[in-house]
Student: 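Here it is: the structure, laid out below.
All values below come from the heavy atoms of this structure, side chains included, with hydrogens, waters and symmetry mates left out.
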Amino acid sequence: MNSIKYIDANMGSLISDLQLLIRQPSVSAKNEGIEECAKLVQKLLKKSGIKSEVLRLKKNIAPIVYGEIKSKQNPSKTLMFYNHYDVQPAEPFDLWDDPPFSGIRKGNKIFGRGSSDDKGELITRIKAVDACLKTTGDVPCNIKFVIEGEEEIGSTHIEDYLKKYKKKFSCDGVIWEFGYVDSKNRPIIGLGMKGLLFVELSVKESIRDAHSSLAVLIKNPAWRLIDAIKTLRDSDGKILIKDWYKEVTPLSRGDLKIIQKEPFDETVFKKEFGIKSFVGNKKGMAAKRALVGDATCNIAGFVSGYTGDGAKTVLPGEALVKIDFRLIPKMDPKKQVSRLKSHLKSKGFSDVNIKVFHGEAAARTDSSDPFVSHVKNAADKSFGKSILNVSNAGTGPMHPFVEILKAPCISIGSTYMFSRIHSPNEFTRIDLLKKTTKCMCLIMDNFGTS
């Protein structure tokens with residue numbers, strides 16, 4: 001029996017082990033069940049014949065579960081699976097049809113927090129390795145697992161782990177922790193992720209709120225902040241900060257070809273969000289290109305004065321705005337913070353305070369890298385057809401993997417795009433778990449024989 005047939009015959013084991021994982025809460029935001037889940041993951045790795053250990057930085061930092069198995073036939077190449085065992089909080093509980101950590105199965109679906117993100121994804125990787133070992137006694141290449149417990153709170157310490165265990169984690173390619181499957185059951189192979197810079201700008205004008213009749217004399221900090229943020233970008237979304245795009249290199253011809261082929265239904269998208277047009281009235285290729293390769297300056301929240309029901313004639317004493325900038329490759333978060341500060345000062349807004357919450361650089365794997373074709377070939381065989389995506393519009397800690405380990409990273413997985421991740425009634429589809437597990441076997445085969 002080969003590994004593909006073994007997976008078909010042993011889906012019951014995959015389902016029961018996933019249910020076991022779901023039933024162990026592991027909410028990093030509340031430090032709930034983290035240690036217990038790490039031990040459970042280690043146990044599941046050992047059960048599949050994968051040598052494993054729990055790695056730590058300090059006592060109060062979530063541990064990484066590390067797994068490794070060396071190939072007898074090809075010990076010169078190493079593939080890493082990066083995943084996470086922590087999950088989002090399950091609240092609001094009353095919106096769940098069943099208890100959020102029940103792992104209940106209903107037909108082709110398994111419900112529960114983490115069923116897709118990321119315990120469902122993790123189990124496909126473990127079971128793929130298990131299938132190889134059970135059928136051949138070997139794996140096509142060296143395999144390493146790096147499974148963290150802080151992804152849902154920003155992967156706060158992943159860079160420290162990568163630096164400390166750089167030699168242990170060394171590899172030739174990384175399969176990222178998730179991958180979306182679209183409404184036509186096509187996996188989306190992601191070659192990168194945008195970066196992120198999250199800041200808070202604030203202005204304090206007076207020691208307290210005042211009667212609004214005094215607006216003739218006391219400056220309104222909300223207006224001051226509005227004037228400041230209006231200088232950051234134009235109405236088409238282009239960022240106006242000097243040298244913001246200085247290091248950026250244009251998309252390659254290969255990238256543009258991939259973007260051109262990528263499906264994007266503008267009508268369905270607009271209907272989903274109840275909008276009539278895109279920023280800058282983008283259409284067609286321009287809209288698709290923006291999702292993949294444009295930087296953003298987004299107001300995530302603006303707070304000042306009275307925001308309750310009814311009227312209150314108040315002149316606020318202070319105002320603050322939260323802004324997230326999506327960054328594209330070559331944009332250094334630290335440099336961009338410096339440029340933001342210089343911009344506000346040069347425009348006469350040195351009174352605006354800046355607080356930096358988070359900075360994450362973008363990462364992208366070159367579409368011509370052989371690793372891309374290994375993954376694409378495996379996905380096409382397992383799913384029938386797949387879609388290449390130059391970069392996810394969102395952000396994850398991919399950059400430190402690329403920068404520290406010097407390894408290409410690719411996202412592919414089993415997460416159905418409407419599986420309600422981070423929401424009540426999250427679920428995973430069993431048919432997609434099966435196809436993804438087979439796909440992981442094929443990726444290992446392709447990688448090991450290249």
Side-chain angles (χ1 to χ4, degrees), residues 7-48 52 54 62-63 65 67 81 83-131 145 147-153 177-181 183 185 413-438 440:
I7 292 164
D8 284 327
N10 288 274
M11 281 301 293
S13 171
L14 183 151
I15 291 165
S16 61
D17 281 351
L18 175 55
Q19 289 174 316
L20 196 64
L21 276 172
I22 295 168
R23 288 165 186 160
Q24 172 56 63
S26 50
V27 184
S28 49
K30 300 191 285 185
N31 195 27
E32 179 187 348
I34 292 297
E35 289 290 336
E36 293 85 350
C37 195
K39 289 174 185 174
L40 177 57
V41 170
Q42 184 186 20
K43 183 180 175 182
L44 289 175
L45 288 173
K46 285 182 175 178
K47 174 183 160 185
S48 293
S52 63
V54 173
V65 182
F81 292 119
N83 288 89
H84 63 93
Y85 60 85
D86 65 318
V87 300
Q88 281 277 315
E91 288 86 341
F93 295 116
D94 59 323
L95 295 183
W96 287 80
D97 294 338
D98 299 284
F101 299 105
S102 65
I104 191 168
R105 178 181 179 177
K106 296 180 181 179
N108 186 42
K109 296 174 182 176
I110 300 171
F111 288 84
R113 176 58 81 232
S115 55
S116 272
D117 181 17
D118 185 49
K119 293 174 178 179
E121 296 281 17
L122 172 60
I123 207 71
T124 65
R125 279 68 163 164
I126 295 173
K127 292 299 181 180
V129 174
D130 180 62
F145 284 86
I147 309 162
E148 69 154 314
E150 296 182 320
E151 197 275 343
E152 298 293 5
I153 54 171
E177 47 100 2
F178 82 102
Y180 286 119
V181 179
S183 58
N185 296 327
S414 60
T415 302
Y416 181 53
M417 65 190 301
F418 301 120
S419 61
R420 303 173 193 156
I421 62 171
H422 294 209
S423 300
N425 299 314
E426 177 183 350
F427 68 87
T428 188
R429 283 173 41 185
I430 294 168
D431 61 329
L432 297 182
L433 291 175
K434 184 192 284 190
K435 287 180 180 179
T436 303
T437 306
K438 291 177 180 179
M440 295 301 153

Student: Please list, chain by chain and in numerical order, all residues satisfying side-chain contact (heavy atoms from CB on, under 4.5 Å) with N185, sequence neighbours excluded.
Tutor: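 Partners of N185 under the side-chain contact (heavy atoms from CB on, under 4.5 Å) test: R429, L432.
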Student: Go through the structure and list residues passing side chain to side chain donor-acceptor pair (under 3.5 Å) with N425, not counting sequence neighbours.
Tutor: none
Student: For residues 413-427, which residue pairs qualify under salt bridge (charged side-chain N to carboxylate O under 4.0 Å, His left out), counting only residues two or more places apart or in two chains?
Tutor: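 Counting only pairs at least two positions apart or across chains, the salt bridge (charged side-chain N to carboxylate O under 4.0 Å, His left out) contacts touching residues 413-427 are R113-E426.
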Student: Who passes side chain to side chain donor-acceptor pair (under 3.5 Å) against Q88, sequence neighbours left out?
Tutor: E152
Student: Is the number of heavy atoms from other residues, nucleotides or ligands under 6.0 Å of F145 CZ greater than 12?
Tutor: yes
Student: Kindly state each residue pair satisfying ring pair (Phe, Tyr, Trp, His ring centres under 6.0 Å) with at least one member in residues 10-41, sequence neighbours excluded.
Tutor: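 For residues 10-41, and leaving out neighbouring residues, there are no ring pair (Phe, Tyr, Trp, His ring centres under 6.0 Å) pairs at all.
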Student: Can you run down the ring pair (Phe, Tyr, Trp, His ring centres under 6.0 Å) pairs that involve residues 105-127, sequence neighbours left out, and say none if there aren't any?
Tutor: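 Every ring pair (Phe, Tyr, Trp, His ring centres under 6.0 Å) pair that includes a residue of residues 105-127, provided the two are not neighbours, is F111-F427.
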Student: Going by side-chain contact (heavy atoms from CB on, under 4.5 Å), name the residues that satisfy it together with K30, two or more places apart in sequence or in a different chain.
Tutor: V27, E32, E91
Student: Not counting sequence neighbours, which residues clear side-chain contact (heavy atoms from CB on, under 4.5 Å) with I22? List them please.
Tutor: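 With neighbours one apart ignored, the set is L18, I110, S115.
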Student: Apply side chain to side chain donor-acceptor pair (under 3.5 Å) to S414 and list each qualifying residue two or more places apart in sequence or on a separate chain.
Tutor: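 S414 satisfies side chain to side chain donor-acceptor pair (under 3.5 Å) with E121 only.
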Student: Quick one: list whatever passes side-chain contact (heavy atoms from CB on, under 4.5 Å) with K43, sequence neighbours left out.
Tutor: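 By the side-chain contact (heavy atoms from CB on, under 4.5 Å) rule, K43 matches no residue at all.
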Student: I need the full list of side-chain hydrogen bond (donor to acceptor under 3.5 Å, both in side chains) pairs touching residues 16-27, with sequence neighbours left out, sorted by first then second residue.
Tutor: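 Matches after skipping sequence neighbours: D17-K47, D17-K127, S26-K119.
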Student: Sequence neighbours left out, what passes side chain to side chain donor-acceptor pair (under 3.5 Å) with E150? Give chain and number order.
Tutor: H157
